[in-house]
Amino acid sequence: MVWTTAIIHLDMDAFFVNVHLLEFPEDKGKPIAVGGNPSGRGVVASASYEARKFGVHSAMPSSRAIKLCPQIKFVRHNWPLIKATSAAVMDILEEFGPTERMSVDEAYVDVSEHKDPETIALIMRERVKAATQCPASVGLSPSKLVSKIASDYDKPEGCTIILPGDEEQFLAPLPVRAISGIGPATASKLAQFNIESCGQLANFDYPTLFATFKNQAESLQRRARGIDQRKVVSDPGQSKSISQETTFNNDLDDKEYFYKKISEMADSLSGSLRRKNLIAHTVTLKIRWNDFTTFTRQKSIENGTDTQKEIARLGRGILDQFWEGEKLRLIGLGVSNLIEPTGRQLELFPDLDLSEPPSDSVEYN
DNA sequence: TCTGGGGTCCTAGGACCC
DNA sequence: TCTGGGGTCCTAGGACCC
């Protein structure tokens with residue numbers, strides 16, 4: 001087979017669960033969920049295949065998981081071990097070609113340079129398993145879009161290969177939700193036209209689709225045909241935003257406590273900014289009421305900041321301005337408009353006098 | 001069943017400018 | 001009197017992903 005472009009998507013199987021089993025092998029074969037406390041407001045981050053038989057899946061409220069599967073064992077994740085295992089996986093992938101990390105447990109690898117990508121896919125999966133004891137599934141195709149669907153097609157420990165030219169045929173019977181980027185909202189709009197499968201989407205009357213989806217219509221149909229020209233990008237680039245949020249166990253209206261939380265989150269955000277050598281020009285406060293409606297307000301400052309004090313001050317200011325004493329279930333704080341302090345700023349202001357410390361940040365709204 | 005936490009990208013509207 | 005068109009920047013919210 002002649003491959004001009006060959007992209008592998010590797011996806012770790014029930015990754016958090018399998019990392020847990022490295023430390024607690026006695027839990028093997030049991031219904032396990034890694035995630036938040038089932039007596040509180042936690043959700044399942046990862047469920048073992050034994051738990052999935054009961055209908056438990058990730059993002060499900062833990063309280064529901066325990067109803068579906070009363071014998072399920074909830075465990076906390078070991079973040080350092082997850083990170084270390086992930087790093088070991090990524091190191092292996094890098095040996096095969098340019099690697100784009102999508103999260104701790106999945107990545108794309110461009111293996112176009114290899115003569116026999118199909119064998120490479122199998123070797124890659126086995127190398128990862130041998131090095132980490134953690135199972136993975138791989139998908140190989142000429143595009144990121146199809147490879148991602150392929151890696152999910154035969155989990156766990158699957159290897160699905162879609163040859164060049166077979167993409168549209170492979171996708172045709174699959175539900176539109178299989179396409180990354182088509183979520184519940186888009187799927188339900190499509191369902192109004194009786195479009196359920198990728199094949200139906202690919203062949204649907206374009207003008208009708210355009211009336212509802214406008215500019216998105218063309219891209220939807222291209223994706224349904226498996227057309228995707230995106231390249232594997234190994235450089236992660238600089239973060240665009242950093243945020244923290246907490247959901248309380250019970251709804252609260254304690255302003256002093258909110259202040260304390262804002263202060264703690266600001267401290268952590270400030271630390272992240274400094275580690276990344278970035279300053280933020282915008283601070284966003286997020287609050288969520290008990291009916292789950294969510295509200296965000298942001299404040300931009302002319303001179304960027306990376307200090308706990310300034311971030312906290314802006315966060316508290318927004319709370320003071322907009323919170324009217326209701327009970328809240330969540331509070332969050334974020335920074336965005338991130339700039340490297342020594343990069344662009346100096347180019348933009350070549351005459352800036354650095355001998356004077358910058359004056360206090362000025363809000364411009 | 002009552003919904004985590006950390007992100008990215010897109011859209012739409014308003015302000016402002018020429 | 002009641003009215004242009006385009007461009008850019010900013011904000012808020014929503015969809016989506018893992």
Side-chain angles (χ1 to χ4, degrees), chain A residues 9 11-16 33-47 54-69 74 76-77 79 82 86 100-108 144-145 148-149 151-152 176-190 213-216 219-220 223 230 233 236-251 265 268-269 272 281-302 318 322 329-338 363-365:
Chain A
H9 182 255
D11 197 318
M12 302 301 290
D13 302 321
F15 187 51
F16 289 14
V34 181
N37 186 346
S39 61
R41 287 171 156 171
V43 299
V44 174
S46 177
F54 293 84
V56 176
H57 57 79
S58 54
M60 170 183 284
S62 302
S63 55
R64 172 155 165 74
I66 214 149
K67 277 179 191 138
L68 288 173
C69 179
F74 268 88
R76 301 298 307 180
H77 62 238
W79 196 241
I82 288 169
S86 174
E100 180 174 349
R101 230 193 110 123
M102 302 307 288
S103 71
V104 282
D105 69 345
E106 63 173 282
Y108 294 102
K144 287 167 105 173
L145 179 131
K148 177 155 174 68
I149 296 168
S151 72
D152 191 51
V176 291
R177 286 284 270 115
I179 297 170
S180 181
I182 298 186
T186 308
S188 94
K189 276 196 220 169
L190 289 169
F213 292 96
K214 298 192 236 169
N215 298 331
Q216 279 188 69
S219 151
L220 281 170
R223 284 185 281 163
R230 290 172 302 155
V233 182
Q238 153 204 303
S239 347
K240 300 198 162 80
S241 67
I242 307 170
S243 65
Q244 286 223 327
E245 64 190 55
T246 20
T247 295
F248 312 124
N249 286 326
N250 301 292
D251 298 343
M265 292 189 287
S268 157
L269 295 175
S272 300
H281 285 256
T282 302
V283 171
T284 302
L285 185 82
K286 171 174 173 179
I287 59 183
R288 177 128 77 203
W289 287 272
N290 55 7
D291 69 354
F292 222 72
T293 53
T294 305
F295 168 100
T296 61
R297 280 296 176 274
Q298 61 191 57
K299 204 147 237 168
S300 291
I301 50 175
E302 198 169 343
I318 301 171
F322 293 101
R329 69 141 41 216
L330 171 147
I331 193 158
L333 193 66
V335 288
S336 55
N337 256 315
L338 308 181
E363 291 150 38
Y364 46 80
N365 61 344

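Note: hydrogens, waters and symmetry copies are ignored here, and every other heavy atom, side chains too, is used.
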For [X], answer base if it contacts any base atom (sugar-phosphate contacts may also be present), sugar-phosphate if it contacts only those atoms, and nothing otherwise; contact means non-hydrogen atoms under 4.0 Å.
| X | answer |
| --- | --- |
| A/Ile66 | nothing |
| A/Lys214 | sugar-phosphate |
| A/Gly36 | nothing |
| A/Ile242 | sugar-phosphate |
| A/Lys189 | nothing |
| A/Ser180 | sugar-phosphate |

Inset, instruction - Would you indicate which nucleotide in C/dC18, C/dA12, B/dG7 comes nearest to any side-chain atom of A/Ser241? - result: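 Given the options C/dC18, C/dA12, B/dG7, the side chain of A/Ser241 is closest to B/dG7.
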Legend entry - Nearest to side-chain heavy atoms of A/Arg64, which nucleotide of C/dA12, C/dC18, B/dT1: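 The closest nucleotide is B/dT1.
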Donor-acceptor pair, distance only, cut-off 3.5 Å: does the side chain of [X] make one with the backbone of [Y]?
| X | Y | value |
| --- | --- | --- |
| A/Glu106 | A/Lys148 | no |
| A/Thr294 | A/Phe292 | yes |
| A/Ser239 | A/Ser241 | no |
| A/Ser62 | A/Gly42 | yes |
| A/Ser219 | A/Asn215 | no |
| A/Arg41 | A/Phe248 | yes |
| A/Glu100 | A/Val233 | yes |

Inset, instruction - Would you check, one step at a time, whether the test side chain to side chain donor-acceptor pair (under 3.5 Å) holds for A/Thr296 with A/Thr284? - result: CA-CA 7 Å; A/Thr296 61; A/Thr284 302; over 6 Å; no
Roughly how many Å is it from [atom1] in [X] to [atom2] in [N], rounded to a whole number?
| X | N | atom1 | atom2 | value |
| --- | --- | --- | --- | --- |
| A/Gln238 | B/dG7 | CD | C1' | 14 Å |
| A/Glu100 | B/dT8 | CD | P | 13 Å |
| A/Lys144 | C/dC18 | NZ | C1' | 15 Å |
| A/Asn337 | B/dC9 | CG | P | 14 Å |
| A/Ile301 | C/dT11 | CD1 | P | 11 Å |
| A/Glu106 | B/dT8 | CD | C1' | 14 Å |

Inset, instruction - Report yes if some heavy atom in the side chain of A/Ile318 is under 4.5 Å from a heavy atom in the side chain of A/Lys299; otherwise report no. - result: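 They are in side-chain contact.
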Inset, instruction - May I ask you to verify if any side-chain N or O of A/Lys240 is less than 4.0 angstrom from the OP1 or OP2 atom of B/dC9? - result: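 Looking at the OP1 and OP2 atoms of B/dC9, one of them is under 4.0 Å from a side-chain N or O of A/Lys240.
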Legend entry - Under 4.0 angstrom between A/Arg297 side-chain N/O and C/dG13 OP1 or OP2: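 For C/dG13, OP1 or OP2 has a side-chain N or O of A/Arg297 closer than 4.0 Å.
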Legend entry - P atoms of B/dC17 and C/dT3, separation to the nearest Å: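 Roughly 23 Å separates the two P atoms.
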Legend entry - Whether A/Trp79 and A/Phe16 hold their rings parallel, tilted or perpendicular, with breakpoints at 30° and 60°: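 Ring orientation of A/Trp79 relative to A/Phe16: perpendicular.
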Inset, instruction - Compare every heavy atom of A/Ser86 with every heavy atom of A/Val104, then report the nearest pair and how far apart it is. - result: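 Of all heavy-atom pairs spanning A/Val104 and A/Ser86, the closest is O-OG, 2.8 Å.
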Inset, instruction - Take A/Asn215 and A/Lys67, find for each the nucleotide of DNA chain B with the closest heavy atom, and name the residue whose nucleotide sits nearer the 5' end. - result: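 This one resolves to A/Lys67.
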Legend entry - Any donor-acceptor N or O pair under 3.5 Å, side chains A/Gln244, A/Ser268: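 A donor-acceptor contact under 3.5 Å links the two side chains.
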Legend entry - Runs of at least three consecutive pairs that involve DNA chain C, where pairs are Watson-Crick or G-U with distances under 3.5 Å: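 DNA chain C stems, ordered by first number: B:5-18 with C:5-18.
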Please list each protein N or O that sits under 3.5 Å from an N or O in nucleotides 3-5 of chain B, with the distance.
residue, atom, partner, partner atom, Å
B/dT3, OP2, A/Arg329, NH2, 2.5
B/dG4, OP1, A/Arg329, NH1, 2.6
B/dG5, OP1, A/Thr247, N, 3.2
B/dG5, OP2, A/Thr247, N, 3.0
B/dG5, OP2, A/Thr247, OG1, 2.5

Inset, instruction - Syn or anti for C/dT3, please, going by whether the chi angle lies within 90° of 0. - result: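 With its glycosidic angle within 90° of zero, C/dT3 counts as syn.
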Inset, instruction - May I ask you to decide whether A/Asp251 forms a salt bridge with A/Arg288, counting only side-chain N to carboxylate O separations under 4.0 Å? - result: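 No, A/Asp251 and A/Arg288 are not salt-bridged.
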For nucleotides 14-17 of chain B, which of its nitrogen or oxygen atoms have a protein nitrogen or oxygen under 3.5 Å away, and what is each distance?
none

